[in-house]
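Quick notes on the structure that follows.
No hydrogens, no waters, no symmetry mates; every other heavy atom, side chains included, goes into these values.
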2 protein chains.
Amino acid sequence: MDFLKEIIGADTKAIHKNFKKKEIIQKQGVVSKNAFYVKKGLIRSYSIDKKGKEHIFMFGTEEWIIADIESNVFSKPTQLYIDTIEDSEIVVFSLDYLKTDQSTKEKLQKNSKLLARRIGSLQRRVIQLMSSSAKERYEMFLETYPLLPNRIPQKMIASYLGITAEALSKIRREL
Amino acid sequence: MDFLKEIIGADTKAIHKNFKKKEIIQKQGVVSKNAFYVKKGLIRSYSIDKKGKEHIFMFGTEEWIIADIESNVFSKPTQLYIDTIEDSEIVVFSLDYLKTDQSTKEKLQKNSKLLARRIGSLQRRVIQLMSSSAKERYEMFLETYPLLPNRIPQKMIASYLGITAEALSKIRREL
DNA sequence: CGCGTGCATTAATCTATATTAAGAAATGAA
DNA sequence: TTCATTTCTTAATATAGATTAATGCACGCG
């Protein structure tokens, strides 16, 4: 939590909220100024395509921040739903760090670093999606998030990898 | 160029360089502190996978900045090659905006906005790669970059879309 | 100027993953 | 506990896109 204060500032209003499993925190299409810091529990962000299929964009476990950052910063309607996978304790805070008067240079720098890290992980994800097979992506997922598989259903792993649950089942059998 | 000064500061050392077509600007695997602002011309960043296949991560036309941001900020070896597609005039500058003494709050804020936009475009790319067919991705590419197809070979479009040149040829015939 | 190299296209075949369908196992609610 | 619902697995079939190979074309270079 100290870490969070370093970014958002003590002055920023941050509200603690408890959510039950499977509660929706944010809906696709709304303009959201909020970011969600996971204090405890597990949440995910995902989009639903025109065929009604879910695609998990990102998981958020303890200490992670989940947000549609471009929506936050530029007041665009979000592409992403956010909901809880487990009962969760979430700190909801407003991403107003771009207002001159509200933030110090140090906080802005910390925040820039956070954004740079996120860019790095998205960059790796794009390259991975373009250049690796489903099996390779699954193996990398296991390395990157060794604890997640115990907490989420297979079909969500499949959705994150960009494949069907059936394909993942086959891959798992082969390993 | 004014726009660039607003981010990096007049004090930051920025070197103008001219490159011929097909010159390599940055190699995969090195730690790079440099970012590349395209004043004129066209460049690309790409990775090469273990089978030797190229995957274009991003094109940079006039006014774009191409950089491996995570490598810049955290001194990680870059995943990306960068080279020129056309003869280009590039402003090479060091991404040291995270050093307290070198940047003002205003510049940091502008920079954060830039990072947020990049996150937005990567997010759309990830979701697109997971949820759209090659044909749909090609159509979106044409909408998003209407001028690029006149300047780059088909095989580079294919590489950006994550498909082979043969598959793209088939898609184009169908349209 | 011609020639070689790289580019785009087409077609035939192959393969990874999707789709559909069904049953088994796990989970949750009454 | 029991029943219902969701999740996971397996298998058969379908399909998008990869791979391989061959051909015509353009253009940069000696």
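- Atom CD1 of B/Ile85 and atom C1' of C/dC7 are 15 Å apart (whole Å).
- If you check C/dT17, D/dG17, C/dT9 against the side chain of A/Ala134, the one that comes closest is C/dT17.
- Put simply, CG on A/Leu161 and CE on A/Met140 are 10.0 Å apart, with the number rounded to the nearest 0.5 Å.
- Distances from the side chain of B/Ile163 to the nucleotides C/dA8, D/dG17, C/dT17 place D/dG17 closest.
- Between the C1' atom of C/dT27 and the NZ atom of A/Lys155 lies a distance of 13 Å, rounded to the nearest Å.
- Taking the ring axis of A/Tyr160 as reference, the NZ or CZ atom of A/Arg125 stays within 45° of it and closer than 6.0 Å to the ring centre.
- Applying the 4.0 Å criterion to OP1 and OP2 of D/dG17, one finds that B/Thr164 has every side-chain N and O outside that range.
- Look at B/Arg173 and you'll find a side-chain N or O under 4.0 angstrom from OP1 or OP2 of C/dT10.
- In this structure, A/Tyr145 and A/Phe141 have tilted ring planes: the angle between them lies in the 30° to 60° band.
- Across the interface with DNA chain C, nearest-nucleotide mapping of A/Lys170 and B/Pro153 shows B/Pro153 to be the residue nearer the 5′ end.
- The interatomic distance linking A/Leu168 (CG) with C/dT17 (P) rounds to 11 Å, in whole Å.
- Among D/dA18, C/dT9, C/dT17, the nucleotide with an atom closest to any side-chain atom of B/Ala167 is D/dA18.
- Atom CZ in A/Arg172 sits about 14 Å away from atom C1' in C/dA25, given to the nearest Å.
- Side chain of A/Glu166, nearest nucleotide from C/dT20, D/dT20, C/dA8: C/dT20.
- The residue A/Lys53 sits close only to the backbone: its heavy atoms come under 4.0 Å of sugar-phosphate atoms, none of a base.
- Rounded to whole Å, atom P of C/dG6 lies 13 Å from atom CE of B/Met156.
- In this structure, B/Lys135 atom NZ and D/dA16 atom C1' are separated by 12 Å, rounded to whole Å.
- Distance B/Glu174 CD to D/dA16 C1': 10 Å, rounded to the nearest Å.
- In this structure, the nucleotide among C/dT9, D/dG17, C/dC7 sitting nearest to the side chain of B/Ser169 is C/dT9.
- Relative to the six-membered ring of A/Phe74, B/Arg117 meets both conditions, a distance below 6.0 Å and an angle of at most 45° to the axis.
- In this structure, B/Glu136 atom CD and D/dA16 atom C1' are separated by 12 Å, rounded to whole Å.
- Across all strands, A/Lys21 comes closer than 4.0 Å only to sugar-phosphate atoms, never to a base (heavy-atom distances).
- With A/Glu86 as reference, A/Arg151 is the one residue of A/Lys21, A/Arg151, A/Lys20 to meet the salt bridge (charged side-chain N to carboxylate O under 4.0 Å, His left out) rule.
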